[in-house]
Amino acid sequence: FPFGRRLPCDIYWHGVSFHDNNIFSGQVNKFPGMLETVRKITLSRAMRIMQDLFPLEYNFYPRSWILPEELPLFVAEVRMMKDNNPSWKPTFIVKPDGGCQGDGIYLIKDPSDIRLTGSIQSRPAVVQEYICKPLLVDKLKFDIRLYVLLKSLEPLEIYIAKDGLSRFCTEPYQEPTLKNLHQVFMHLTNYSLNIHSGNFIHSDSVNTGSKRTFSSILCRLSSKGADVKKLWSDIISLVIKTIIALTPELKVYYQSDIPAGKPGPTCFQILGFDILLMKNLKPVLLEVNANPSMRIEHEKELSPGVFENVPSRVDEEVKVAVIRDTLRLMDPQKKKKKDTQPVSPCLGLEASREAGEYPGFPHLPSVILCCRCQSWEQAGPGAGEELPDAVGGAEAALPSLCLKQVFPKYAKQFSYLRLVDRVAALFIRFLGVKGTTKLGPTGFRTFIRNCKLSNSNFSMAAVDILYIDITRRWNSMGIDHKESRMCLQAFVEAFFCLAQRKYKSRPLHEQVALLIEQCECRLAALQGPRLLWGCG
């Protein structure tokens with residue numbers, strides 16, 4: 001409804017962001033703040049926080065520096081690493097913060113090669129270590145676009161599509177040298193760049209061409225003896241850990257736009273994860289896209305200047321399934337159907353292996369389709385994974401879900417990583433004014449007092465100095481230099497400082513966990529008397 005709609009909808013499908021239209025109920029396919037949270041600088045900062053806490057668990061994200069403020073640090077660290085290892089000849093990739101589709105990306109061999117003229121101040125960027133030894137297929141570098149459904153933020157619920165896209169460069173790969181650094185068709189996998197190469201191949205097959213299904217790559221790797229089961233496990237782990245790094249910031253935006261206790265919409269979102277495989281099959285996160293392209297056709301030039309849209313089989317095979325099954329999972333009538341549909345015993349079962357199961361995973365369960373009542377059951381190991389509703393008609397005729405739940409399914413394995421989520425909960429608690437995302441000095445002082453973090457060695461005057469120093473530095477990095485309040489990531493830094501001050505000689509994650517527990521206990525004790533007083 002391009003001109004708005006007064007009657008409420010079940011699902012609002014926005015093109016860019018949560019704020020495309022006014023929404024008061026139902027479900028919307030964007031989370032507030034997602035665009036800002038997955039920008040290259042914000043993502044790099046969130047990943048760095050997690051790398052500080054859990055360096056081994058978050059080693060799938062390349063070492064990153066933020067320009068312009070960390071340029072001196074970048075220069076100093078590279079010089080130190082070269083002094084320690086003279087044979088080290090690194091390559092770095094510079095990515096503009098707000099860039100997309102490969103715009104403005106370039107490779108360098110030395111910090112002095114960064115293009116400082118004019119744009120770096122007005123257009124901040126991230127510089128990362130370049131992965132020089134990627135996995136090659138047909139001598140070409142490629143990346144993977146995987147579709148991830150964030151179904152819910154609280155409780156956290158994540159689904160991963162069982163197939164994705166493999167997007168290829170169009171010139172044979174060589175390790176970067178000063179001579180080939182500028183050959184974008186060799187080094188950058190962006191589809192929007194390589195589509196303009198004369199070597200780009202549009203194929204009617206999902207197994208060949210410059211864009212293929214990820215499943216075709218997995219089958220090829222499996223035929224050569226690669227452990228694709230471990231590869232999928234590593235990718236699932238990467239996705240869950242990345243979402244865990246993003247959720248604290250998202251929760252701050254969410255409470256600002258949809259305050260607790262007030263009627264409002266619920267949110268879900270399809271994200272595009274761009275992943276590179278190294279030669280040893282280790283997955284590396286390149287970036288996360290808030291608005292991955294869902295086009296299922298490409299332009300074909302019939303004659304000079306004359307184009308037509310031609311269906312793309314590989315895009316259609318992957319993307320249609322993702323959108324279809326997202327709508328099935330978010331269907332507001334789904335629970336109602338489950339509650340009202342009687343389940344009757346039926347003996348007319350016939351086994352059927354679904355074509356949608358994970359490629360290269362023959363051990364995954366078969367699906368049993370009842371030939372009489374068209375209901376679905378699951379057989380074999382792993383029974384209990386969510387499948388289409390046990391209802392007749394159109395739903396039963398659809399394929400099994402291409403989206404696999406990975407969280408909370410694997411929550412026990414990853415719950416220990418959610419420390420920053422708990423820090424964000426403290427931050428939100430002391431924001432005070434509904435609809436804000438920044439913490440004022442009064443809120444910070446109240447947090448310190450209520451959690452009893454000040455003492456003779458750490459006075460309230462020292463608390464104010466800590467607040468001013470960290471807030472001023474963080475706000476100097478942003479667009480609004482006059483802002484005087486504390487953002488979440490500044491609060492996290494302050495919290496880490498407090499934890500290190502209080503619990504010395506321990507790993508950082510232990511220090512933070514202990515301080516979180518102290519704060520939660522003190523606040524619970526403070527809340528108890530208030531609740532009793534209120535009841536009285």
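- For the residue pair Leu439 and Arg485, the shortest heavy atom distance occurs at O-CB, 3.5 Å.
- A donor and an acceptor atom, one from each side chain of Tyr191 and Ser210, are nowhere located under 3.5 Å apart.
- In this structure a side-chain-to-backbone donor-acceptor pair under 3.5 Å is missing from His509 to Tyr416.
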TODO: For Arg295 and Asp315, run salt bridge (charged side-chain N to carboxylate O under 4.0 Å, His left out): C-alpha distance rounded to whole Å, both residues' side-chain angles, the deciding distance at 0.1 Å, then the answer.
DONE: CA-CA 7 Å; Arg295 287 191 64 177; Asp315 284 302; over 6 Å; no
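- Heavy-atom minimum distance, Val252 versus Gln255: O-NE2, 2.8 Å.
- Judged by distance alone, with hydrogens and angles left aside, the side-chain atoms of Ser233 form no donor-acceptor pair with the main-chain N or O of Lys229 at under 3.5 Å.
- Aromatic ring centres of Phe427 and Phe495 lie farther apart than the 6.0 Å criterion allows.
- Checking side-chain atoms of Gln27 against main-chain N and O of Met330 turns up a donor-acceptor pair under 3.5 Å.
- Taken to the nearest 0.5 Å, the CD atom of Gln128 stands 3.5 Å off from the OG atom of Ser64.
- Note: Tyr173 and Phe142 fail the aromatic proximity criterion, with ring centroids not under 6.0 Å apart.
- For Phe18 and Tyr253, the distance between ring centers is not under 6.0 angstrom.
- Counting all heavy atoms, side chain and backbone alike, Arg212 lies closest to Val314 at C-CG2, 3.5 Å.
- Side-chain contact, Ser203 with Ser205: no donor N or O sits under 3.5 Å from an acceptor N or O.
- Side-chain atoms of Asn180 and His187 form a donor-acceptor pair, as typed in the model, at a separation below 3.5 Å.
- Residue Ile217 holds its CD1 atom at 13.0 Å from OG of Ser222, rounded to the nearest 0.5 Å.
- For the pair Lys133 and Glu175, the minimum side-chain heavy-atom distance is below 4.5 Å.
- Screening Leu156, Val406, Ile240 against Phe414 for a side-chain contact (heavy atoms from CB on, under 4.5 Å) leaves a single residue, Ile240.
- Ring geometry for Tyr58 against Phe60 counts as tilted: the plane angle lies between 30° and 60°, on a 0 to 90° scale.
- Counting only heavy atoms from C-beta outward, the side chains of Val239 and Phe407 never approach each other to under 4.5 Å.
- Proximity of Thr208 to Ile201: side-chain heavy atoms (C-beta onward) are nowhere separated by under 4.5 Å.
- Between Asp52 and Arg48 there is no salt bridge, since no side-chain N of the basic residue sits under 4.0 Å from a carboxylate O of the acidic one.
- Within a 6.0 Å sphere centred on CG of Asn280, other residues, nucleotides and ligands contribute more than 12 heavy atoms.
- For Lys251 and Asp421, the salt-bridge test passes: some basic side-chain N is under 4.0 Å from an acidic carboxylate O.
- Tyr159 places none of its side-chain heavy atoms less than 4.5 Å from the side chain of Asp325.
- Counted by atom type alone, Arg145 and Ser293 present zero donor-acceptor pairs between their side chains at under 3.5 Å.
- When each of Asn194, Asp143, Thr189 is checked for a side chain to side chain donor-acceptor pair (under 3.5 Å) with Arg167, only Asp143 meets the rule.
- For Asp163 against Val318, the heavy-atom pair with the smallest separation is O-CG1, 3.8 Å.
- Here Asp204 does not pair with Arg313 in a salt bridge; the nearest charged N to carboxylate O distance is not below 4.0 Å.
- Nearest heavy atom pair, residue Leu188 against residue Cys169, reads O-SG, 3.3 Å.
- In this structure, Leu276 and Lys141 have side chains that are in contact, with non-hydrogen atoms separated by less than 4.5 Å.
- Not one N or O on the side chain of Glu36 forms a donor-acceptor pair closer than 3.5 Å with the backbone of Leu250.
- Heavy-atom minimum distance, Ile41 versus Leu67: CD1-O, 4.4 Å.
- Between Leu277 and Leu231, the closest side-chain pair of non-hydrogen atoms falls below 4.5 Å.
- Atoms CD1 and NZ, on Ile158 and Lys151 in that order, are 12.5 Å from each other to the nearest 0.5 Å.
- If you run side chain to side chain donor-acceptor pair (under 3.5 Å) between Trp65 and each of Glu70, Glu129, Glu77, only Glu77 comes through.
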